[in-house]
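Sequential numbering from 1 along the given sequence is applied to the chain's residues. When a ligand or atom number is given, it counts from 1 through the structure's own listing order.
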Amino acid sequence: MCGIVGYLGPLKAAPVLLNELKCLEYRGYDSAGVAVIENGRLSVMKAAGKLSNLEALLADKKPSANVGIGHTRWATHGIPNDQNAHPHTDSTGTIAVVHNGIIENYEELREELKGLGYAFNSDTDTEVVAHLVSHEYKVDKDLLKAITRSVKRLVGIFALGVVSQEHPDRIYAINHHYSLSVGLGNDENFLASDSMAVRQYTNRVIKLEQSEIAEITAAKVRLFTFDGVEVKRSPIALDTSPYVIDKCGYKHFLLKEIHEQPLVLRQTLSKYLRHPNHPIDLTIDHLTPAGSQSANYGVHLTDEEIKGLTRINIFACGTAYHASMVGKLLIEELVGIPVDVDIASEIRGRRLLCNESTLAIAVSQSGETADTLAALTEAKKKGAYTLGITNRADSHLAQLTQNLIVTECGIEVSVAATKTYLAQLACFYLLAIYLGERRGTLTPERAKELKIKLNLVPAMIEQILARDEVIRETSVKYAEAQDVVFIGRGLNFPTALEGALKLKELSYIHASGYAAGELKHGPIAVLDQNVPVITVLVPGLVYEKTLSNAQEARARKAKMIAVAVDGDEQAQRTFDSVLTIPPVDELFSPMTTVVPLQLLSYFISDYLGKDVDQPRNLAKSVTVE
Ligand code: F6R
């Protein structure tokens, strides 16, 4: 979603801001802009659409300023156009503001400011901040005090960047339940809502905590609470990672990330699973990156606390929710604790039955998903133990939880989640075995067998990836479909949901995933010869029943596609097309069955000429509720 950047130092600000914004592109946006102060004058340049439009504008104007803020906007209030793009300025054109999040009381403030004679030029909630700061600035000509008074009047969660023509040596950054990092250089400083954006310049950052204001000059960073009290904080070192933001020869980031999955799994598994004969160790304090503030790395529950758990609640959205659905089944199967998994946004306004013997798990690739953070906060208030599973050790989620499992994926650039899904699944396998070992629900022999099988999965995925050409040829046969139905049972019902989500995100084809047994309870009505039905079919407890459900679809003349294991002759006879995977134990199958479905969606999207890495309307980090 929206991204904030800033720079002040000896370099020309515009190219630096642009480089920073490019790192945030993957988060999703629909317009971009910068405000710089040049020769004592504030100048704003912004453009709807891709960053290349802003780049062209900057190439034309050639600002040589050394200070500026920038923004990528994902529209919430007002359509994506030049006018609504950030930065927004006050009526004097001397103060500029960029903003992530939502100002919930903006209408009330807008009316008040209009009453005071301020004229508005956009439909955004952000513009009220520019006028409010301007109004407060008139009181004592103290910008920090004016900002402090202003932000205290804002309701909602937000991050802001502010520059003023009258103070060209500084940028103000404000964080209120959001995320902002200041990157520290030598006589230069950087600002970014995602520390990824400053990593190309420095790996030393100061993260703003909740309700804090940073006053940033080229030489110094000072932090203040909303009550005006100065706070001191040491910088942290950003994690180093073997992954780079580069397509490395692949046509799209998505394809590269799908192909990175064996590596990602090996990294995540090897971090916690030393040897099949040893119990899984989720504490891993020794792996905390140097200088990191994440004292909560790993799972630190005592044996007594683990044995005392009566319930687990998992909160997540989208793809992370699908991984969590698999997690629920694994934990219930291997540990025997009842697990509820909820779409995080559904927790709002509901009576959440958590208590001191509950483990609340929030799963989020970005660690910034507002709904997931809100659900976890609610569980925390009720006294639950908290565990975060995220790909971002520097995220808001990482700060919120007592226990933290960090997936080893590197940055996931493509908006559609693939490798982080696999890594989240891996974490649930590790967690389920870990809890099973600690609670004694798994014998050492069974635990060892599970660990050996888990370690075999990356090689199986490599085999599937080697078949990508066959998957491509099969996929494009179905690329013209208007509606596609995915079905699966048990552990592969979430796979069906994830397959459908990937297809609709990437190709914009309407797709739905169903528990295979549900087909006859309604969805079967949509089936005819124009609707492909994709069945996830793996030998095991639900094989025969899934096959029967597929037959019901076949009887309605649907086009039949299966993900099935090598040598499944029944599948070859029943389906028009079969995407094969190596034979796999049913328990571990969600990690392999999803891979052909990711590739299928990728190839269809590419064939249809869609924007594979940045599908329309989507954002990588969903920071509004
Ligand atoms: C799907 C996708 C989204 C995210 C969802 C949650 O490809 O990327 O559905 O999974 O927005 O995001 P995180 O995991 O960052 O909380």
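- The pair R348-D371 does not meet the salt-bridge criterion, since no charged nitrogen lies less than 4.0 angstrom from a carboxylate oxygen.
- Contact detail for S395 and E368: the closest heavy-atom pair is CA-OE2, 3.3 Å.
- Shown in contact with T369 at under 4.0 Å from a heavy atom are these atoms of ligand 1, numbered in order with element: 12 (O), 13 (P), 15 (O), 16 (O).
- For atom 4 (C) of ligand 1, the nearest non-hydrogen atom from the set T372, T319, D371 comes from T319.
- Counting atoms of ligand 1 from 1 in the listed order, those under 4.0 Å from a heavy atom of S364 are 13 (P), 14 (O), 15 (O), 16 (O).
- Below 4.0 Å from some heavy atom of G318 lie the following atoms of ligand 1, by number and element: 9 (O), 10 (O).
- Under a 4.0 Å criterion applied to the non-hydrogen atoms of E505, ligand 1 contributes the atoms 1 (C), 2 (C), 7 (O).
- Taking the six-membered ring for Trp, H322 and Y421 have ring centres at least 6.0 Å apart.
- Among all heavy-atom pairs drawn from S601 and G499, the shortest one is OG-O, 4.1 Å.
- Taking 4.0 Å as the cut-off between side-chain N and carboxylate O, E346 and R350 do not count as a salt-bridged pair.
- Ligand-side atoms of ligand 1 in range of K502: 1 (C), 7 (O), range being under 4.0 angstrom from any heavy atom.
- The closest approach between any non-hydrogen atom of V415 and ligand 1 is below 4.0 Å.
- Not a single heavy atom of E368 sits less than 4.0 Å from an atom of ligand 1.
- Those atoms of ligand 1 with a heavy atom of A320 less than 4.0 angstrom away are 10 (O), 14 (O).
- In this pair, Y602 and H252 present their aromatic rings perpendicular. The plane angle is above 60°, beyond the 30 to 60° band.
- Each of L282, T268, T390 was scored for a side-chain contact (heavy atoms from CB on, under 4.5 Å) with I405, with one residue passing: L282.
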